[in-house]
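Working notes, beginning with the structure itself.
All values below were derived from every heavy atom in this structure, side-chain atoms included, with hydrogens, water molecules and symmetry-related copies excluded. Within every chain, numbering begins at 1; the chains are lettered A, B, ... in the order of the sequence lines, protein sequences first and strands thereafter.
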Amino acid sequence: MASEQYLEVYRHSLSHILAKAIFEIFGKENVQYAIGPQIADGFYYDFILPRQVNKDDFKMIENKMREILKRREDWTEKEMSRAEALELFQGQKFKTELIEDLPEDERITVYYTGEDFVDLCRGPHVANSQELMGAAFEIRSVSGAYWRGDEHRDSLQRIYAYAFPDKQALKAHKALIKEAMERDHKKLGPQLDLFMFDETAQGMPYWLPRGWRVFNTLLEYWRGIHDLHGYQEISAPIINNKKLWLISGHWAHYVNNMFIIPGKDGTIEADDTMAAKPMNCPNAMMAYKRRVHSYRDLPIRYSETDVVHRKEKTGQLNGLFRVQMFRQDDDHTFVMESQIEDEIKDVLGIADEIYQTFGLSYRAELSTRPEDFMGDIELWNEAEASLKKILDGMYGEGNYEINEGDGAFYGPKIDLQIKDALGREWQCGTVQLDFQLPRNFELTYTANDGSERVPVVIHRALFGSLERFIGILIEHFKGAFPFWLSPYQVGIVPIRTEHNEYAKKVAGKLAANRIRFEADYSDKNMKEKIKYYKNFKTPYVVIIGDKEAEEGTVSLNLRGSNRQLNNIPLDTFIQMCLKMNAEHSLDLIDTLD
RNA sequence: GCUGGAAUAGCGCAGUCGGUAGCGCAACUGAUUCGUAAUCAGUAGGUCGAGGGUUCGAGUCCCUUUUCCAGCUCCA
């Protein structure tokens, strides 16, 4: 059996054991059991139980599971008719619903574990519990979940467990989880003084001096690339009259997610109702519309990083990953249909360059026409075909996923999922074709035959949101940003106050070369000064004492180790810094060649 | 929004049965003038998230509320 299948079989089998254990603990008649699938690192099972399960119960449940495994019971599959199955699961409402929802011709099978536990299941499973005895499992957590993911239906207790083939694998996985927790940007952010939140602005980050340096450096890098590709940045009103949202369609589809300022009469029905923008597109449409356009002007690329606000359900907020106020590296490009292909190729090329700069690998997903699509089906077909062609060319046929029917109602899209240092995936980049918004705003251009045509709009963001992307970078780099992106790139430590004079000369040289530094001229112990910079993960700590001052050199302490580079000529050090800034190097260099 | 947890000094934490709010780091003051991640001594710092209740007495018990966390659902 292939190992992946093996994982599936035994994880899923263990979920049956969990259910059996729960039955024995709470009494079969007191438990409603729903479903228990395997997941990436184990399995879960959903129940309705007579009381809340908590942490203190975990050991007891695990022990019960082990006790059950030791019985070495046989697992037997039984095929039965719908009527028999309904009879068997009488009183179990979720199982009953599952059976009733099965298609007429579906084979119905159940699995017995011993004589006294049965679950509706497609299988396959182990033949005897004995096979599971070597597996390592551990109850991880319990949380709320809804029956069939629907918040209007029964609320269930979901018991999660880790499960691996052996103890070593479980241990390795737990180490990975621990590593992820140590990288948590919600912990590192405040620790490194990058950003903060306050309860008076829920889900709206404060960028602190250090974090704002990272933010601006990132944006500066982004602007540099986009300038080369013919992008023009604009900035537009944050608060707009309701009228704008009526044209764009947001008022009909998105009003519940918008922060609204009611009109003078206190209602949102009033004509003078305003709202904070949740997206930049309508404003970009207005900017395009300000004058007539010739086909010769296209493509026109209006990029925008204005702050947007989206009201979210409170429980959905999550550090920088999910906020209510953020900035996207947004752009709206206006093109003729014939230009779509080249334009998207260019965008994907930029994405590739950017992600590589951070050492992030990624994969693409194509989402195609949904059922409730708008516009001309021919245009959709052509667009999807050309997107496929581009993706085939860039990543190779079959090297990207296709999500049929998952596109937006206004056009197909390509999403880019990036992978961080721990292999976790994040949706960041998105490239969406839009046939609808230009129509809503009655945008046109004059074609070469003199006719009025409607441009196609390409919405695209590559970081996704600067906030989320920086959150990902914090975790990816564990707070130790590459030199070029570090809030402060150099920390200057004069050993004694008498070295301040030369230290200030070094500082002046760094400043003149726009290298970001901090210096501590106080009479503190040099160890304390070094510790401070190390805690902030400053890439280079420059030590200055008698020798350096005399010879016009610096000694460097490199981040991530106690490695020393002694007596580097000051100019050489400056050149090293400039080189890393220019090349956006991922690693700290220790020499100029 | 839902389920479950949490909130005590700037940060990390302790606080037993309801009985005078504590520790470490950081901060501040002084001494030390130092060659690579915690020098020594001292000082100050609290409406125990907020509001209400029970009690002679509440950080501790009860109610309401805010924010955060783990999930669910939704998303960049």
Side-chain angles (χ1 to χ4, degrees), chain A residues 44 46 48-49 52-55 140-160 181 184 186-187 190-191 193 196-203 254 256-257 278-280 308 310-330 415-416 426-430 432 459-469 471-472 491 493-500 522-538 541-548 555-567:
Chain A
Y44 68 78
D46 287 344
I48 292 182
L49 300 173
Q52 179 64 39
V53 168
N54 57 50
K55 261 199 163 112
R140 186 219 313 181
S141 60
V142 57
S143 73
Y146 301 105
W147 173 235
R148 298 196 152 169
D150 184 342
E151 61 183 319
H152 304 294
R153 305 200 61 180
D154 284 290
S155 178
L156 310 163
Q157 290 194 61
R158 176 168 297 176
I159 299 178
Y160 284 94
M181 273 163 60
D184 189 344
K186 295 186 285 289
K187 266 175 81 174
Q191 218 171 355
D193 226 15
M196 62 171 236
F197 289 93
D198 185 79
E199 66 175 86
T200 52
Q202 193 189 21
Y254 211 71
N256 290 334
N257 285 80
M279 293 167 193
N280 295 308
V308 295
R310 296 184 191 173
K311 206 186 266 183
E312 303 288 357
K313 294 178 184 174
T314 54
Q316 300 178 161
L317 301 175
N318 177 14
L320 291 179
F321 288 166
R322 192 69 177 279
V323 288
Q324 296 200 112
M325 181 191 86
F326 58 104
R327 299 158 182 90
Q328 294 176 297
D329 62 320
D330 213 353
D415 286 326
L416 301 173
W426 307 96
Q427 215 249 277
C428 287
T430 183
Q432 309 188 352
H459 306 245
R460 43 120 290 175
L462 303 180
F463 293 140
S465 92
L466 275 300
E467 279 73 7
R468 177 179 287 182
F469 195 76
I472 291 164
V493 175
I495 293 175
R496 293 190 308 279
T497 48
E498 67 196 71
H499 303 123
N500 282 352
S522 74
D523 61 354
K524 267 190 239 155
N525 191 303
M526 73 175 287
K527 289 190 184 192
E528 288 180 72
K529 297 182 187 179
I530 292 170
K531 193 180 78 177
Y532 173 88
Y533 296 128
K534 289 277 186 181
N535 282 341
F536 276 116
K537 301 183 192 265
T538 306
V541 178
V542 164
I543 313 287
I544 286 164
D546 291 336
K547 209 171 171 213
E548 289 79 5
S555 289
L556 302 178
N557 184 309
L558 270 64
R559 178 178 64 197
S561 69
N562 278 326
R563 243 186 98 202
Q564 292 301 317
L565 295 174
N566 292 321
N567 310 314

Listed nucleotide nearest any side-chain atom of Glu199(A), set C72(B), U36(B), U67(B): U67(B)

Sugar-phosphate only, base, or nothing, as touched by Asp546(A) at under 4.0 Å among non-hydrogen atoms: base

Atom-to-atom span, CE of Met325(A) to C1' of C75(B) - whole angstrom: 18 Å

In C17(B), glycosidic geometry as syn within 90° of 0 or anti otherwise: syn

Options G35(B), U36(B), U67(B), nucleotide nearest the side-chain atoms of Ile495(A): G35(B)

Distance flag, aromatic centroids of Trp426(A) and Phe321(A), threshold under 6.0 Å: yes

Sugar-phosphate, base or nothing in reach of Gln191(A), heavy atoms under 4.0 Å: nothing

U39(B) base / Asn525(A) side chain donor-acceptor hit below 3.5 Å: no

Side-chain donor-acceptor contact under 3.5 Å, Gln328(A) with Ser465(A): no

Salt bridge (charged side-chain N to carboxylate O under 4.0 Å, His left out) between Lys186(A) and Asp184(A), intermediate numbers included: CA-CA 5 Å; Lys186(A) 295 186 285 289; Asp184(A) 189 344; 3.5 Å; yes

Side-chain heavy-atom pair Leu556(A), Arg563(A) within 4.5 angstrom cut-off: no

Residue whose closest nucleotide on RNA chain B lies nearer the 5' end, Gln328(A) versus Gly319(A): Gly319(A)

Touch class at under 4.0 angstrom, heavy-atom based, for Gln157(A) against every strand present: nothing

Residue whose closest nucleotide on RNA chain B lies nearer the 5' end, Asp198(A) versus Asn567(A): Asn567(A)

Touch class at under 4.0 angstrom, heavy-atom based, for Asn280(A) against every strand present: nothing

Touch class at under 4.0 angstrom, heavy-atom based, for Gln324(A) against every strand present: nothing

Helical stems, RNA chain B - three or more consecutive Watson-Crick or G-U wobble pairs below 3.5 Å: B:1-7 with B:66-72, B:10-13 with B:22-25, B:27-31 with B:39-43, B:49-53 with B:61-65

Nearest-angstrom distance from the residue atom CZ of Arg322(A) to P of C74(B): 10 Å

Atom P, compared across G46(B) and A9(B): separation rounded to whole Å: 10 Å

Ser155(A) side chain, from C-beta outward: closest of C68(B), U3(B), G1(B): U3(B)

Nearest-angstrom distance from the residue atom CG of Asp150(A) to C1' of U73(B): 9 Å

A50(B) to G59(B) separation - C1' atoms, rounded to the nearest Å: 14 Å

Interatomic distance, Tyr146(A) OH vs G1(B) P [rounded to whole Å]: 11 Å

Partners meeting side chain to side chain contact (heavy atoms under 4.5 Å, CB included) with Asn500(A) (sequence neighbours left out): Pro494(A), Thr497(A), Tyr521(A)

Sugar-phosphate only, base, or nothing, as touched by Val493(A) at under 4.0 Å among non-hydrogen atoms: nothing

Rounded distance [0.5 Å steps], CD in Gln316(A) versus CZ in Arg322(A): 5.0 Å

Presence of donor-acceptor pair under 3.5 Å, side chain of Glu548(A) and base of G35(B): yes

Lys529(A) (side chain) donor-acceptor with Ser522(A) (main chain) under 3.5 angstrom: yes

Nearest-nucleotide pick for Lys531(A), side chain only, options being U36(B), A37(B), C69(B): A37(B)

Any donor-acceptor N or O pair under 3.5 Å, side chains Asp546(A), His499(A): yes

Interatomic distance, Tyr533(A) OH vs A37(B) C1' [rounded to whole Å]: 14 Å

Whole-angstrom distance between C63(B) and C23(B), as gauged at atom C1': 33 Å

Euclidean distance for C1', C40(B) against A70(B) (whole angstrom): 45 Å

Separation of U36(B) P from Lys547(A) NZ (nearest whole Å): 14 Å

Any donor-acceptor N/O pair, Asp46(A) side chain to Leu156(A) backbone, under 3.5 Å: no

Nucleotide C68(B), atom P - distance to NZ of Lys186(A) in whole Å: 11 Å

Partners passing ring-ring contact (aromatic ring centres under 6.0 Å, His included) against Tyr44(A) (at least two apart in sequence or in another chain): Tyr160(A)

Sugar-phosphate, base or nothing in reach of Asn535(A), heavy atoms under 4.0 Å: base

Touch class at under 4.0 angstrom, heavy-atom based, for Gly560(A) against every strand present: nothing

Sugar-phosphate only, base, or nothing, as touched by Gly315(A) at under 4.0 Å among non-hydrogen atoms: base

Sugar-phosphate, base or nothing in reach of Thr314(A), heavy atoms under 4.0 Å: base

Any N/O donor-acceptor pair, Gln564(A) side-chain to U36(B) base, under 3.5 Å: yes

Sugar-phosphate, base or nothing in reach of Lys527(A), heavy atoms under 4.0 Å: sugar-phosphate

C1'-based separation of A37(B) from U29(B) [nearest Å]: 25 Å

Touch class at under 4.0 angstrom, heavy-atom based, for Phe469(A) against every strand present: nothing

Side chain of Ala145(A) (C-beta onward), nearest among C72(B), A37(B), C34(B): C72(B)

Rounded distance (Å) that lies between atom C1' of G30(B) and atom NZ of Lys524(A): 16 Å

Touch class at under 4.0 angstrom, heavy-atom based, for Arg310(A) against every strand present: base

Atom P, compared across U60(B) and G53(B): separation rounded to whole Å: 14 Å

Any Asn256(A) side-chain heavy atom under 4.5 Å of Lys311(A) side chain: no

base_contact_polar (C74(B) base, Gln316(A) side chain, donor-acceptor, <3.5 Å): yes

G15(B) and C75(B), which share atom name C1', separated by this distance in whole Å: 42 Å

Touch class at under 4.0 angstrom, heavy-atom based, for Ser555(A) against every strand present: base

Between A27(B) and C61(B) - C1' atom distance, rounded Å: 36 Å

